[in-house]
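What follows is a short report on a single structure.
Here is the naming used below: chain letters follow the sequence lines, and residue numbers restart at 1 for every chain. Model, not experiment: these values are computed from the prediction.
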Amino acid sequence: MMPSILTKAAASTLALAVLATAAVAQDAAPETAEAVEYALAGDTAFVFNTLLFLIGGFLVMWMAAGFAMLEAGMVRSKNVSMQCLKNIGLYSIAGLMFWVVGYNLMYDGVDGGFLGSFTPKAIPAPDAEAAGDGYAAASDWFFQMVFCATTASIVSGTIAERTKMWPFFIFVAILTGIIYPITGSWQWGGGWLAEMGFSDFAGSTLVHSVGGWAALAGALIIGARTDKYSADGKVMPLPGSSMPLATLGTFILWLGWFGFNGGSQLAMGTIADASAVSKIFMNTNLAAAAGVVAAMILCQVVYKKVDLTIALNGALAGLVSITAGPLDPSVPLAILIGAVGGAIVVFAVPLLDKLKIDDVVGAIPVHLLAGIWGTMVVPLSTDGTSFVTQFIGVVSIGAFAFVASGIVWYVLKMATGLRVTKEEEMAGLDKLEVGVEAYPEFAGAGRI
Amino acid sequence: MMPSILTKAAASTLALAVLATAAVAQDAAPETAEAVEYALAGDTAFVFNTLLFLIGGFLVMWMAAGFAMLEAGMVRSKNVSMQCLKNIGLYSIAGLMFWVVGYNLMYDGVDGGFLGSFTPKAIPAPDAEAAGDGYAAASDWFFQMVFCATTASIVSGTIAERTKMWPFFIFVAILTGIIYPITGSWQWGGGWLAEMGFSDFAGSTLVHSVGGWAALAGALIIGARTDKYSADGKVMPLPGSSMPLATLGTFILWLGWFGFNGGSQLAMGTIADASAVSKIFMNTNLAAAAGVVAAMILCQVVYKKVDLTIALNGALAGLVSITAGPLDPSVPLAILIGAVGGAIVVFAVPLLDKLKIDDVVGAIPVHLLAGIWGTMVVPLSTDGTSFVTQFIGVVSIGAFAFVASGIVWYVLKMATGLRVTKEEEMAGLDKLEVGVEAYPEFAGAGRI
Amino acid sequence: MMPSILTKAAASTLALAVLATAAVAQDAAPETAEAVEYALAGDTAFVFNTLLFLIGGFLVMWMAAGFAMLEAGMVRSKNVSMQCLKNIGLYSIAGLMFWVVGYNLMYDGVDGGFLGSFTPKAIPAPDAEAAGDGYAAASDWFFQMVFCATTASIVSGTIAERTKMWPFFIFVAILTGIIYPITGSWQWGGGWLAEMGFSDFAGSTLVHSVGGWAALAGALIIGARTDKYSADGKVMPLPGSSMPLATLGTFILWLGWFGFNGGSQLAMGTIADASAVSKIFMNTNLAAAAGVVAAMILCQVVYKKVDLTIALNGALAGLVSITAGPLDPSVPLAILIGAVGGAIVVFAVPLLDKLKIDDVVGAIPVHLLAGIWGTMVVPLSTDGTSFVTQFIGVVSIGAFAFVASGIVWYVLKMATGLRVTKEEEMAGLDKLEVGVEAYPEFAGAGRI
Amino acid sequence: MKIVMAVIKPFKLEEVRDALTALGVHGLTVTEVKGYGRQKGHTEIYRGAEYAVSFLPKIKIEVAVSADLVASAVEAIANAARTGQIGDGKIFVVPLEKAVRIRTGETDGDAL
Amino acid sequence: MKIVMAVIKPFKLEEVRDALTALGVHGLTVTEVKGYGRQKGHTEIYRGAEYAVSFLPKIKIEVAVSADLVASAVEAIANAARTGQIGDGKIFVVPLEKAVRIRTGETDGDAL
Amino acid sequence: MKIVMAVIKPFKLEEVRDALTALGVHGLTVTEVKGYGRQKGHTEIYRGAEYAVSFLPKIKIEVAVSADLVASAVEAIANAARTGQIGDGKIFVVPLEKAVRIRTGETDGDAL
Ligand SMILES: Nc1ncnc2c1ncn2[C@@H]1O[C@H](COP(=O)(O)OP(=O)(O)O)[C@@H](O)[C@H]1O
Ligand SMILES: Nc1ncnc2c1ncn2[C@@H]1O[C@H](COP(=O)(O)OP(=O)(O)O)[C@@H](O)[C@H]1O
Ligand SMILES: Nc1ncnc2c1ncn2[C@@H]1O[C@H](COP(=O)(O)OP(=O)(O)O)[C@@H](O)[C@H]1O
């Protein structure tokens, strides 16, 4: 995704340029006709671009449901209602915060700097917009907002099954209102990283790694689930309650990713743009497919069984990996990028357990590690990028996201506490704060 | 949503007008070019408008799945198969009825009156349509049909777990073939209410309240579930079988609502229309978000726990509230409108229980009450509307929908009976009429 | 769906023709203006056509999730993880194979013959595409790929609950890389059947029957589930584990089908095309609705109960039936075609059981039989088609798909074995090859 | 001491518990079971094949009581659980030799 | 009277019920249980961590019979449930002091 | 021979099994149950209506042991299952007259 401010220019360059030319040379009828015509093309481009934002936006919005289902399937029944509530709550809070302050903090007047302005996003009246704007302001806000919400969705899975609800929501408000917009402003807002030449097309770093860093900071400060690591260091598997829901969630995310990456072309009004969006669809799909196949084969080789949850993670890791550069890689390179993403999952999931970092859904391997991989591999196919700049981007954004998240988590820990008590954790989070069990009839209290 | 008949005109006004002008003044080359050009713009607009109907239509069609999942999650396991069957059945019947008679009864020759004609909807051959039509007739039918089906979906949830299947389907046939089209014709068909200046952009009243009134009439005539209210007036909670399915259903509905409200702009061929659709997306999303947050906070304050089902209802109530006017409110007003919707749910759900009106999924608070609220608040932001006219619309449509539904329910009660027997209710509806249990293995008969 | 190679021509005929004319007659200003204008219209058409492929494509991609949920709901808990894994795996493999060899084998240089070329699909750079191409190459690949994947999805359901995973994946690789592309090349690739005048708009035969034949061959060679038919010939019902998941899957498929049939118009850049896509949406929806209603009524009459799974199958059979010709039938004919599809299911499901062909999800009645029905009924409404040619197409494609699949299944049976052992089947496939239970807590091992 | 074990219709559980509480019995253990008996089940149909579901959902209650309470406990359960319809269930009394309250280590009478 | 309690492999339930019915025993109560015994479970793997699933799904049958039927009931169950593979399960016989049919109040022999 | 039947907190199952294994008891049968006792449940709220969930999830263990092992088995279970918190559960000892291993037909002591 290019900086929003640049996009405007990009999307309507042709229209404006030609209009300008036409203004200079208005001496012949055909010229005039052409001028009007290009203006009309500008109209059409405006509608196409807006449509891309709206379609891309609703597909990414749908990813909120994907995260909800994936996480509902990966936690134990006693925490499923809570996980659902956190997911619909975080999506709602992200939307409100990104209007109140997030959007403008990310896009308004960044000018090569470190942040925008602390103001709510204003939307012009529909009839006040013109072809030269390139797209409807509200469609852009909507599209950018769902990216912001995605960042928060990533966090909820990692720290599931032990984190208190309201402190989590406060964290989400700060993440989506302040932290994500600030790192976002550095690149997509046209800040210092963008000026330096960092490249992150649809957000392997800006969205996925930022979410991953916030999740990692949370996992470290909140600690592992009580019964996850035995005293003698053994890992105790705590299998998720519903594999079909986890599968459904993954398919939803995969579908949504076409909006995530395809929409990040930010324009669809020309043949080249439409063609680019199409290539993005193809590469995105194949990277995900390669992530699945790589994860399945490696699982078979390493464990002699194919863990469904790892295969699902493999799809997502393939998707995250290709997100930093879904357009430029050739098809075989896209497949390779995705496959490495899948491999990362197979090895990183048990590694994290060895480090006693308890990540319920695998968001850290999928979003953080594959996000770094995807960002670092961009120079292989994208002109004008360099490994050094990519590295600077990954590290600086990572450092800020991790430290800022860490501070917020820490302050919350001191102020309100972050964990439920051990008893509440044993009984399940649904009892304490939600009061509604996910499956009251199935082998749970409530039926009898 | 504007009356379909008006839309045609609206959508293609520019093209036709300019063509007409051009026809008058064909003396200069540039003029001619312009005329052709506008004709072309008309072609493009036709495609854009049609596309909006198709995309909006498939998103609203998807809401049928949302209702199915929400309701499957909110009923007890023993009634889940039946609820699924009712939902796919009602969507099918609604589609057939809206072709056989519904569409033309709603849109054909209403002319400021009280109903259209009792004829099936005819579709021109694709190559017989012209730019001046504004959009493809079949796309319009499809878009209007899914609104009709939504109305029926609302009913099935309220009266779940006790209502016989075939009588329910007969009710659906009459609701979608006759009742909904008649009230619809008053406004969107260009009937008397439209002439009076009533305003209901996407159907807070025409769809949601009508569905809600039909549900309320059903709930009153069918009565509460046998074990819902104890003899001494206590409310017995009968928790739904699956909270993740209810959550999934809500997310589906939220997604579908972008089609519901956004598509109701009915045109996307101009910058102003595309921009309007975008603003509708933004307002719709924020109203829903505000509904969730308001419901969560109020739940916490009132009950010290946050009931997931109320938060989900809060999202839907926010959506219903903004549906009567998703375009005109400023963003803060949209947030406020949604938040009040969320609040309505928190207080109306227990209130209905106090009145012993047994609404299994909360459709009456969500669709009827928030629908009324949303319609009444329109004059705050929409020019040319008045509280009086809004009130007349709400009351007249409500009265007709409630009385007509009540009559149909009553006749069915007399003719076929509406309730299963107490024994069948105890055993679950899946045994009697479906014969297939939803979860035969989980704590149900069938596994052993 | 027309042959891809023909489409290009079709979609851009107007633009090219006019450009050519313009090149010849550049003597007058208005003419010039018109020429540029049509070129622009070509640009817009390119974007619209591409958009249709992308939207249609992601909707059909979503059908992969639909099959996964339908099948997860129709198998028993002990096989649910495996079914999910097979579904995400097959979609991934199909994508990779259709790039490596499938697409070009189907579309590249078929020229009235029997197959294309064994090469990977190459995609031009986005800025190398021109209006005359009609649509972005990658969007076309994506759209065709998801059709290929659908074919494989059909197979997994029939042979569920007893088939080994890796041999199944090898079969999928061959089906999607070789078998489907070959039969596909005969028609959509512009091969001998296309030249003969066979008609299969969106794939009742090319996709659904091919999948059904592959499934049938598999079912015959793999054999029935161990406990499906008792020694004395009685059918033992083995109810699926989750009816709401099966319902969700069906709704997903229904939604995806708008992309499947609508997108197969392959163009949306003109009024006639947009109008055709709209009519396809309408007919598709009504055929499905008629399938549901017919299945429900027949179930009630025959069994005195309405089996939800048959009603769901009825929707799909209605959809498959209309797929060979969703554009040309009048609305009443579309309804009839769908209704017969629904009826087929009611009678074919028990018939297959009588023949001891064990089809877990009903894919053979739904995809194979309704696919044949839909293809044979095309001449009733489509000019230039004949029953004889349709019959030749159905038989030749069926014969090839069945025999080729049978050989592959048979070789796999000899080489690796196709079935798990009886003990593994009893214990459930999730234990052996996946190692992760679908619902570890619900009445399954693992919780305790 | 005896263990009174009763198989009852599920929706009778609350009434039975209340009846036992009225007797001063404040502990019991409940299991979801399936019962097969004279009460015939129902026919289900799945994809065209009919099959009899003959095991019906029941609730099993196990309650340990001192010898003197056995008769009244049995009566209380029987009265509370009776609907008069077939399938009301059975009550079985089984000898109990020893009871221990895990938390305190109290035994027998004190443990109930 | 005795309660014959058997833990068997789940897929043997129908055969056992048929065998008991053949003896004239027309009621029984069934519970889903997990068994731990010599039959070892299987290893599952979840996200890279292996773990043993040592409790296996079994079915527990409880059937109250008059004293004279005990031996034949035990034998019938054993024969019907036997596969010869490890994990076939156990049969336990427990004394039953009293039985009541809730619907009618009949007791003991009449209640079975 | 006796059947030792214990109702314990679910998360104590592994520890109890280990304690029994240490005693040489290598078979047991486990059931998911709900317990009602002094340990009060919690209040849940559903759509504005509060209700008490008074039945709590427990695990029931049934283990058949020879007479000489009863005391140590009871003690082992009690020690392993004790948390000291209310709701730790109960242990009941019931007489066992006969045991059969289905696979081999072995009986009584040999069958355990
Ligand atoms: N001999 C038996 N042993 C164990 N349980 C029995 C026995 N007979 C009946 N039951 C249980 O009692 C329940 C009710 O018995 P049933 O014969 O259906 O009705 P009723 O008790 O009214 O005669 C059965 O479903 C079964 O759980
Ligand atoms: N001592 C025991 N007490 C209670 N149940 C037992 C006992 N021993 C075995 N069981 C039950 O019997 C089942 C079968 O026992 P197992 O030792 O696996 O095989 P086998 O009976 O063939 O020797 C176990 O899964 C368990 O449910
Ligand atoms: N009289 C009884 N008969 C059967 N089970 C009982 C009895 N009393 C208690 N239980 C079981 O023991 C469990 C724990 O009992 P409770 O009174 O809550 O705590 P504690 O054992 O610490 O006093 C209960 O949940 C119930 O399952």
_Options Ile310(B), Asn283(B), Leu255(B), Ile280(B), ranked by heavy-atom pairs under 4.5 Å with chain A, top entry_ = Leu255(B)

*Among Ala64(A), Cys84(A), Ala137(A), single out the residue with the greatest number of heavy-atom pairs under 4.5 Å to chain B.*
Cys84(A)

*Heavy-atom distances under 4.5 Å only: say whether Ser330(B) touches chain A with side chain, backbone, both or neither.*
neither

*Within-4.5 Å side-chain heavy-atom neighbours: Ile55(B) and Phe58(A)*: yes

_Is there a side-chain contact between Trp62(B) and Trp62(A) in this structure, where contact means two heavy atoms from C-beta onward sitting under 4.5 Å apart?_
yes

*Contacting moiety of Ala72(A), where chain B heavy atoms sit under 4.5 Å*: side chain

*asked:* Quick check on Val80(A) against chain B: is it the side chain, the backbone, both or neither that has a heavy atom closer than 4.5 Å?
replied: side chain

*Can you name the side-chain hydrogen bond (donor to acceptor under 3.5 Å, both in side chains) partners of Ser381(B), sequence neighbours left out?*
none

_Euclidean distance, Gln83(A) CD relative to Thr247(B) OG1, rounded to 0.5 Å_ = 10.5 Å

*Based on non-hydrogen pairs under 4.5 Å, which of Val436(A), Ile88(A), Asp127(A), Thr50(A) is most in contact with chain B?*
Ile88(A)

*Given the side-chain rings of Phe53(A) and Phe281(B), with only the six-membered ring counted for Trp, is the space between their centroids under 6.0 Å?*
no

_Rounded to the nearest 0.5 Å, what separates atom CD in Gln300(B) from atom CZ in Phe169(A)?_
10.5 Å

*asked:* I'd like to know which of Val277(B), Leu52(B), Leu59(B), Thr309(B) tops the heavy-atom pair count under 4.5 Å against chain A.
replied: Leu59(B)

*Given the options Ala136(A), Gly73(A), Pro126(A), Ala138(A), which has more heavy-atom pairs under 4.5 Å with chain B than any of the others?*
Pro126(A)

*By a 4.5 Å heavy-atom criterion (distance strictly below it), what part of Leu238(B) contacts chain A: side chain, backbone, both, or neither?*
neither

*Approximate separation, where rounding is to 0.5 Å, of Met145(A) CE and Met282(B) CE*: 8.5 Å

*Taking Lys305(B) for its side chain and Lys431(A) for its backbone only, find out whether a donor-acceptor pair lies under 3.5 Å.*
yes

*asked:* Between Ala122(A) and chain B, with a heavy-atom cut-off of 4.5 Å, which part of the residue counts as in contact: side chain, backbone, both or neither?
replied: neither

*Close side-chain approach of Leu286(B) and Trp141(A), heavy atoms under 4.5 Å*: yes

*asked:* side-chain contact (heavy atoms from CB on, under 4.5 Å) for Thr270(B) and Phe46(A)? Distances and angles first, verdict last.
replied: CA-CA 9 Å; Thr270(B) 64; Phe46(A) 183 100; over 6 Å; no

*In terms of heavy-atom proximity below 4.5 Å to chain A, should Ile335(B) be classed as side chain, backbone, both, or neither?*
side chain

*Heavy-atom side-chain proximity of Met296(B) to Trp166(A) below 4.5 angstrom*: yes

*If you measure from CG on Asp307(B) to CG on Leu85(A), what distance do you get to the nearest 0.5 Å?*
9.0 Å

_What part of Ala315(B) gets within 4.5 angstrom of chain A, counting heavy atoms only: side chain, backbone, both, or neither?_
side chain

*Who among Leu51(B), Leu248(B), Val293(B) has the most heavy-atom pairs with chain A under 4.5 Å?*
Leu248(B)

*For the student: nearest non-hydrogen atoms of Ser241(B) and Pro440(A), plus distance*: O-CD, 3.9 Å

_For a 4.5 angstrom cut-off between non-hydrogen side-chain atoms, does Tyr439(A) reach Ser77(B)?_
no

*Which of Ala290(B), Pro332(B), Gly259(B), Gly314(B) touches chain A most, by non-hydrogen pairs under 4.5 Å*: Pro332(B)

*Heavy-atom distance under 4.5 Å to chain B: side chain of Phe48(A), backbone, both or neither?*
both

*Nearest heavy-atom pair of Ser81(A) and Leu308(B): which atoms, and what distance?*
O-CD2, 3.7 Å

*For residues Glu129(A) and Ser275(B), is any side-chain donor paired with an opposing acceptor at under 3.5 Å?*
yes

*Looking only at heavy atoms, which two atoms of Ile271(B) and Ala130(A) are closest? And how far apart?*
CD1-C, 3.7 Å

*Not counting sequence neighbours, which residues clear ring pair (Phe, Tyr, Trp, His ring centres under 6.0 Å) with Phe260(B)? List them please.*
Phe147(B), His208(B), Trp257(B)

*Region of Ile252(B) in contact with chain A, defined by heavy-atom distances below 4.5 Å*: both

*Which region of Met82(A), side chain (C-beta onward) or backbone (N, CA, C, O), has a non-hydrogen atom less than 4.5 Å from a non-hydrogen atom of chain B, or is it both or neither?*
neither

